[in-house]
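Below, chains carry the letters A, B, ... as their sequence lines are ordered, and counting in each starts from 1. Every value quoted in this text rests on a predicted model; they were computed, and no experiment measured them.
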2 protein chains.
Amino acid sequence: MEEYYLALRKHIEEISPLTDQEWEYVAQCFTYKTLKKHQFLIQKDELVPSEYWVIKGLLKTYTIDSEGKEHILQFAMEQYWTSDFQAFQNQIPATLFIDCIEDSEFFCLRLENRERLCQEIPKMTNFFRIKSHYGYIALQQRIMSLLTETAEERYNNLIKKLPHLIQRVPKKLLASYLGVTRETLSRLKG
Amino acid sequence: MEEYYLALRKHIEEISPLTDQEWEYVAQCFTYKTLKKHQFLIQKDELVPSEYWVIKGLLKTYTIDSEGKEHILQFAMEQYWTSDFQAFQNQIPATLFIDCIEDSEFFCLRLENRERLCQEIPKMTNFFRIKSHYGYIALQQRIMSLLTETAEERYNNLIKKLPHLIQRVPKKLLASYLGVTRETLSRLKG
DNA sequence: ATTATAAAGTGATGTATGTCACATTTTTAT
DNA sequence: ATAAAAATGTGACATACATCACTTTATAAT
């Protein structure tokens with residue numbers, strides 16, 4: 001467990017170095033949680049108590065449409081933040097599902113703790129500011145990818161960008177993330 | 001001009017109320033700029049000195065693909081922030097174009113001023129944190145829309161969400177924003 | 001006002017991707 | 001180890017949307 005906290009501290013300090021005293025305050029705002037493969041971190045229509053930092057494991061964030069088809073918004077693995085941020089931020093019922101593709105472990109940060117943290121430790125406000133900004137930029141790039149690229153280009157770029165992810169995720173889920181059917185993805189490479 | 005500054009102050013204070021003294025510091029970090037319709041705010045391959053808050057007007061952020069087709073990432077109107085954030089943040093050449101659909105006026109914030117602002121006025125760090133976070137959530141919703149909805153659904157939802165925008169933007173540009181051709185958009189309603 | 005330019009509509013046709021069905025391979029659970 | 005479940009591949013066919021070509025309508029420039 002000690003090493004998990006060290007990993008989180010390192011993650012934060014890549015953006016905002018902290019004193020030991022500050023870190024002590026930060027660390028106590030997080031709680032630990034673990035889930036097995038196939039278990040849900042967040043379910044649609046339920047409230048979302050926390051946002052989550054992935055210590056270990058792999059998750060998918062998705063919706064189910066009216067025809068029962070799954071559409072994947074995000075994969076989250078080690079050192080990723082994940083939640084239904086819309087629901088979390090406004091403390092309203094989730095519109096998304098998040099469940100575990102692998103056994104997973106997290107640090108959980110509740111909304112009141114995050115805001116307390118930002119009030120007490122300005123460096124943490126800065127950390128979240130930078131993180132959100134990078135996240136925003138990454139999503140803009142994904143939108144451009146969806147607007148401009150063919151399924152094949154999107155797949156090849158995903159392989160380039162996250163080669164390690166490909167190994168851990170069934171192609172059917174990658175297809176869903178890329179916005180195509182598994183059949184189409186299957187026919188691309190041949 | 002005085003009223004422009006008041007509008008910006010109001011915009012910031014919807015998230016982070018400031019003292020008069022703080023506001024004085026904030027205000028001097030911005031510079032004013034105006035452009036006519038069809039003029040470029042940002043051009044591909046050029047450096048991006050600032051991010052921009054739109055006082056008045058309307059702009060589009062887009063790329064041109066290898067076949068010369070335009071793909072619109074964002075429309076920015078009154079009270080929107082816009083820039084090539086990826087290029088701005090890393091001070092590298094732009095990959096995007098931004099030009100004016102209408103005569104427009106902006107407040108410009110240079111990177112060094114933004115960071116100075118965040119260091120001097122923690123409330124501003126918080127302002128940018130919240131803004132980025134909301135922006136992130138909005139982009140997630142756009143991605144879900146692209147993954148799950150038909151062209152017609154995306155168009156109808158855009159009309160619901162930004163009815164005033166529709167009036168100001170040629171349908172051909174809306175089509176590009178929605179990820180379809182103008183011909184397809186034209187055939188939806190009839 | 002008149003002309004030039006851009007936006008918008010529409011028909012004919014092409015294509016990438018979706019859908020459905022079924023076989024094969026791989027992974028998971030007992 | 002064995003059976004069950006999930007993932008993957010592939011053929012036949014359907015469809016949403018793209019492309020190209022041309023006309024009509026609206027907007028902008030002199």
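With DNA chain C read from its 5' end, the first of the two nearest nucleotides for Val169(B) and Gly179(A) is the one closest to Val169(B). DNA chain D is contacted by both Thr150(B) and Glu183(B); Thr150(B) maps to the nucleotide lying nearer its 5′ end (nearest heavy atom per residue).
Distances shorter than 4.0 Å separate some side-chain N or O of Lys69(B) from OP1 or OP2 on dT19(D). For dA18(D), the OP1/OP2 oxygens have a side-chain nitrogen or oxygen of Thr181(B) closer than 4.0 Å.
With 3.5 Å as the limit, one finds a donor-acceptor pair spanning the side chains of Gln89(A) and Arg114(A).
Taking every side-chain heavy atom of Arg187(B) into account, dT10(C) is the closest of dT10(C), dA12(D), dT17(C). Comparing dA8(C), dA18(D), dC22(C) by their closest approach to the side chain of Pro170(B) singles out dA8(C). Picking from dA21(D), dT10(D), dG18(C) the nucleotide with the shortest atom distance to the side chain of Ser186(A) gives dT10(D).
Under a 4.0 Å N-O distance rule, the pair Arg129(B)/Glu115(A) qualifies as a salt bridge.
Between the NZ atom of Lys171(B) and the P atom of dA6(C) there is a distance of 19 Å, rounded to whole Å. Rounded to an integer number of Å, the gap from CG of Leu188(A) to P of dG18(C) is 9 Å. In this entry the distance linking CD1 of Ile166(B) with P of dA7(C) reads 16 Å, nearest Å. Atoms NZ (Lys172(B)) and C1' (dA6(C)) sit 7 Å apart, rounded to a whole Å. Residue Glu152(B) contributes atom CD, which lies 15 Å from atom C1' of dT15(D) at whole-angstrom precision. One atom, CD of Glu149(A), and another, P of dT17(C), lie 12 Å apart when rounded to the nearest Å. Look at NE2 on His38(B): it is 9 Å from P on dA28(D), rounded to the nearest Å. Arg168(A) places its CZ atom 18 Å from the C1' atom of dA7(D), with the value rounded to the nearest Å.
Side-chain contact between Lys172(A) and Leu185(A) is absent, with no heavy-atom pair separated by less than 4.5 Å. Using a 4.5 Å cut-off on side-chain heavy atoms (C-beta onward), Gln140(B) and Gln86(A) make no contact.
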One pair to check against side chain to side chain contact (heavy atoms under 4.5 Å, CB included): Leu173(B) and Glu70(B). What are the steps and the verdict?
CA-CA 9 Å; Leu173(B) 299 186; Glu70(B) 182 176 299; 3.4 Å; yes
